[in-house]
Amino acid sequence: MSAYTLVIHGGAGTILKEDMPPELEAAYLQGLNDALDAGYALLEKGQSAMAAVLAATLSLEDNILFNAGKGSVFAKDGSQEMDASIMDGKTLMAGAVAGVRNIRNPVELAYSVMTKSSHVMLIGKGAEDFAALQGIRTEPDEYFVSQFRYDQWKQVQGSDEASLDHNVKLRDKKFGTVGAAACDIHGNIAAATSTGGMTNKQWGRVGDSSIIGAGTYANNKTCAISCTGHGELFIRAVTAYDVSCLMEYKGLSLQEAMNVVVHDKLMKINGEGGMIGVDAKGNAAMVFNSEGMYRGLRSNGGGNEVAIYK
Ligand code: ASP
């Protein structure tokens, strides 16, 4: 029997205590606790890491506060396109979707791609047609809209600025992507990530969250990782897989490998953000180079630990 652990994130970025109304802070912490409860309950019953990351990510997608599923950010044309991926560390099976609209839970669709198709990644219309065949739940446009994300988009609408690097106009530089990584009682690990991407992105833009090896990676030999941050840089740094490589080829621990990637490699290319991860012994780590990261952790024997700021 292995130690079991669930670790989650709800995005990283310029998240400052002085800008956060107490009620909103409480709502974010509640959202993190709900997601931990949803995933941990399954681990406690002996279910798989895969089931736990799916349940935790679903819970965060359904919460309007986070930039995934309901509450996703707006692209330049006012659409809401979402990316998600999931990976099983035991089998190295993976599923991903990108640029999908109206899918209630993109992570569930990524899971279906992994389990019900012979492919790893489906995009746009093809992914939506596949979702219909699989009976995946869809919602009308209004379901995904939150006033907060709309106002955020309105600040930069009409400009060429996505909320990417050095965006001074977008004061509120947050990456609200969600994700989870877990280790189950059998020592199997899995990771999942889901996002609406970056505010005012070009429609058709795909970030790291749906890219296996960049935003998400899992391998029982090393680690399960979910990232959040400026996607273009995370793709270029192949972040999640790099953590795994540092563990496999250089013998670094999970914490050491994540520190190298987040504080050294990403920093060198101005890659703002962070990541969460577990290894197959149930060790967990949460590392970020931004002001804050919505995050939470629960291991067997312990209670929920949730935090937002540095
Ligand atoms: N990494 C995501 C993306 O680039 C954004 C985020 O983490 O919030 O699409």
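If you're wondering where the values come from, they're calculated on a predicted model, not measured in any experiment. Whatever order the structure lists ligands and atoms in, that order sets their numbers, starting from 1. Heavy-atom basis, side chains included; hydrogens, waters and symmetry copies ignored.
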Parallel, tilted or perpendicular: which fits the ring planes of W153 and F74, with parallel below 30° and perpendicular above 60°?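 If you compare the ring of W153 with that of F74, the planes turn out parallel.
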Mutual orientation of the aromatic rings belonging to Y28 and F66 [parallel < 30°, tilted 30-60°, perpendicular > 60°]: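 Rings of Y28 and F66: perpendicular, over 60°.
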Salt bridge check, D77 against R101: does any charged N sit closer than 4.0 Å to a carboxylate O?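 Salt bridge: yes.
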Can you tell me if OH on Y111 sees more than 12 non-hydrogen neighbours from other groups inside 6.0 Å?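 At most 12 heavy atoms, drawn from other residues, nucleotides or ligands, come within 6.0 Å of this atom.
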With a cut-off of 6.0 Å (strictly less than), are more than 12 heavy atoms of other residues, nucleotides or ligands near NZ of K221?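 Counting other residues, nucleotides and ligands, NZ of K221 stays at 12 neighbours or fewer.
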Between the candidates V73, T239, T177, which shows the shortest non-hydrogen contact distance to atom 5 (C) of ligand 1?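 Among V73, T239, T177, the closest heavy atom to atom 5 (C) of ligand 1 comes from T177.
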From the options R205, K201, M82, select the one whose nearest heavy atom is closest to atom 4 (O) of ligand 1.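 Minimum heavy-atom distance to atom 4 (O) of ligand 1 goes to R205.
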For N63, side chain to side chain donor-acceptor pair (under 3.5 Å) partners two or more places apart: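 Testing N63 for side chain to side chain donor-acceptor pair (under 3.5 Å), a comparison that skips the adjacent residues, returns none.
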Is there any N or O on [X] that sits under 3.5 Å from an N or O of ligand 1?
{"X": "G231", "result": "yes"}
{"X": "G207", "result": "no"}
{"X": "N67", "result": "no"}

With sequence neighbours left out, write down each residue that passes salt bridge (charged side-chain N to carboxylate O under 4.0 Å, His left out) with D151, or none if nothing qualifies.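 Result, salt bridge (charged side-chain N to carboxylate O under 4.0 Å, His left out) vs D151: none returned.
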At a 4.0 Å threshold, what atoms of ligand 1 neighbour a non-hydrogen atom of [X]?
{"X": "G176", "answer": "8 (O)"}
{"X": "S209", "answer": "1 (N), 2 (C)"}
{"X": "D208", "answer": "1 (N), 2 (C), 3 (C), 4 (O)"}
{"X": "T228", "answer": "6 (C), 7 (O), 8 (O)"}

Please verify whether a non-hydrogen atom of G273 lies at under 4.0 Å from ligand 1.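 No, that is not the case, since the closest heavy atom of the residue is not under 4.0 Å from the ligand.
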